[in-house]
Amino acid sequence: MKLHLRVWRQTSAEDRGRFEDYELDDVSPDSSFLEMLDLLNEQLLEQRKMPVAFDHDCREGICGMCGLMVDGMAHGPIPGHTVCQLHMRHFKDGDRIVIEPWRVAAFPVVQDLVVDRGSFDRILQHGGFISFATGTAPEANSILIPKDRADTAMDAATCIGCGACAAACPNGSATLFTAAKVGHLGHLPQGQPERYQRVVGMVDQMDAEGFGGCTNVGACTSVCPKEIGQDFISQMNRDYRRAMLGGAGD
Amino acid sequence: MWRSSIGKKIIMAGTGLIWIGYLLLHMYGNLKVFAGQEAFNHYAESLRTLGEPMVGHGHALLLARVVLTLTLVAHIWAAVALTRIAQQARPVGYAKFRPASGNYATVTMRWGGLALGLFILYHLAHLTWNVRVLTGAYEPGNTFDKLVVGFNNPVNVVLYLLALMAVGFHLWHGGASFFQTMGWRIAASRQWIRVLTGSLAVAIPVGFAVVPLAVAAGWVA
Ligand code: FES
């Protein structure tokens, strides 16, 4: 199939950037979106032009490196998918596709479609540590965790930190990411000793990084490749309130 | 606490709740027009004598006004602060953006809130400060008369109904957001929160709307 691509090009963080239009022929419907971009890059290299820079690693939807705004939708039009797992069969011959990087102040553009998501790392760092007895390996079942708690913690832990939540949020908020990371340890016994200092550390860092506030729109969950739910946001709000206004520890 | 985004949201939730409570009381008072002129005026006067003799004349009303003003100012302050943070969070917009979620109520929260703020000013000017705009002559001190004469002008009826629509949207998203911000919206409570905020978002505007409609229809005169 033939595609008309409009791609954001920006040589460096200082460059103002601009859109460029490309025509791409012979795109297989079985290729992934990133493979389609690989094809574009081969074409650009043949023309002795700079290839388009974009982030990727596993291309299996599990690492969280990829992330593009495809036609105004984070990770493209298919819910529950990363852009590396998006296939070209979801597009039609002759389609025009606009491809942009995440637009969030806390994710500065490095080059073309690559953004710096270091702000997410710093939010994680401000979660701090958990207290744990080191030494000999503990007996596997010495800490019992109810199945539903383990499942909830696992749901939160599926967050791959791709940044689509903040990219799709009308407020540019990283609330779903932070809530998933807070909820992950917050639901497990191992996470209890530092539960409240962790939520304060992470939320305050989220604000300090310049992300927006949540207005309960739900766009984040809609685009999340792991479909992480709004409940985690509610739980983070509750933990933060308890940590700040009392009630922590009950 | 209040420096954080969640702290500001808690301010919005708490002050919003006070206003929902106030709207319910206000609606109850309005519906007294159907009990007749005397009962309605008596009710209006009793707002001033509320709590007497323990509380001085008009003091309970004054307290209510102070609380409502302060909570409204806090609500607006937090909303403006959060809007500015959101604008700074995305200084460069998308060339193409398709909202992944949100309905009419979510996208009109900010503009709808601004419209409501302006309407409240008009409403106060009209009925509390007795500015004679878009209203005919009424008997001074006769609240019932003031209401009926005011709503005899169709412009006021239309403005009022539009504002009520904005109230409904604001409550629909704001009500659910209250529970989300307080951390009480989880899978188990989602359904009843939807029912509760949905019924409030319908019941409050309808409860208010029957009064101007009844005046326009000539049932209250
Ligand atoms: S490249 Fe690893 S999730 Fe897409």
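Lettering of chains follows the sequences in order, A, B, ..., and the numbering in each one begins at 1.
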| field | Atom pair CD1/CZ of I6(B) and R241(A) - distance to nearest 0.5 Å | value | 10.5 Å
| By a 4.5 Å heavy-atom criterion (distance strictly below it), what part of I10(B) contacts chain A: side chain, backbone, both, or neither? | side chain
| Euclidean distance, R238(A) CZ relative to Q180(B) CD, rounded to 0.5 Å | 11.0 Å
| query | Are a donor atom and an acceptor atom from the side chains of D207(A) and S4(B) found within less than 3.5 Å of each other? | reply | no
| task | Might you point out which heavy atoms bring S234(A) and F179(B) nearest each other, and give the distance in Å? | result | OG-O, 4.2 Å
| Between M109(B) and T215(A), is a side-chain contact (heavy atoms from CB on, under 4.5 Å) present by the stated rule, with each step listed? | CA-CA 9 Å; M109(B) 260 338 245; T215(A) 54; over 6 Å; no
| When you measure from the side chain of E100(A) to the backbone N and O of K96(B), does any donor-acceptor pair fall under 3.5 Å? | yes
| request: Please report the C-alpha distance between R190(B) and Q230(A) in whole Å, then the side-chain angles of each, then the deciding distance to 0.1 Å, and finally whether the side-chain contact (heavy atoms from CB on, under 4.5 Å) criterion is met. | output: CA-CA 10 Å; R190(B) 192 166 284 272; Q230(A) 297 282 297; 3.7 Å; yes
| Do P77(A) and R98(B) come within less than 4.5 Å of each other through their side chains, counting heavy atoms only? | no
| field | Interchain contact, V203(A) with chain B, by part (heavy-atom threshold 4.5 Å) | value | side chain
| task | Select one option (side chain, backbone, both, neither) describing which atoms of D204(A) are under 4.5 Å from chain B's heavy atoms. | result | side chain
| said: Are there over 12 heavy-atom neighbours, none belonging to R3(B), within less than 6.0 Å of that residue's CZ? | reply: no
| field | Closest heavy-atom pair and its distance - I85(B), F211(A) | value | CG2-O, 3.5 Å
| note | Those residues of residues 59-76 of chain B that come under 4.5 Å of chain A on a heavy-atom basis, listed by number, are none
| When only heavy atoms count and the cut-off is under 4.5 Å, which of residues 156-168 of chain A reach chain B? | A166(A), A167(A), A168(A)
| task | For residues N216(A) and T181(B), determine if any side-chain heavy atom of one lies less than 4.5 Å from a side-chain heavy atom of the other. | result | yes
| task | Name the region of C220(A), side chain, backbone, both or neither, that has any atom closer than 4.5 Å to a heavy atom of chain B. | result | neither
| Which atoms of F19(A) approach chain B - backbone, side chain, both or neither, heavy atom under 4.5 Å | side chain
| said: Just verifying a value: how many Å separate M244(A) CE and W2(B) CH2, rounded to the nearest 0.5 Å? | reply: 9.0 Å
| For the student: nearest non-hydrogen atoms of A89(B) and G172(A), plus distance | CB-O, 3.7 Å
| query | Taking all atoms of both residues into account, what is the closest heavy-atom pair of A105(A) and Q88(B), and its distance? | reply | CB-O, 3.5 Å
| field | Expected output: side-chain R90(B) to main-chain R103(A) donor-acceptor under 3.5 Å | value | yes
| said: Atom CH2 of residue position W192(B) - does it have more than 12 heavy atoms of other residues, nucleotides or ligands inside 6.0 Å? | reply: yes
| query | Would you say F34(B) has more than 12 foreign heavy atoms packed within less than 6.0 Å of its CZ? | reply | yes
| task | Identify which part of P101(A) has an atom lying under 4.5 Å from any heavy atom of chain B, answering side chain, backbone, both or neither. | result | backbone
| message | For R110(B), I'd like to know if atom CZ has over 12 heavy atoms of other residues, nucleotides or ligands within 6.0 Å. | response | yes
| Counting only heavy atoms not in R122(A), do more than 12 sit closer than 6.0 Å to its CZ atom? | yes
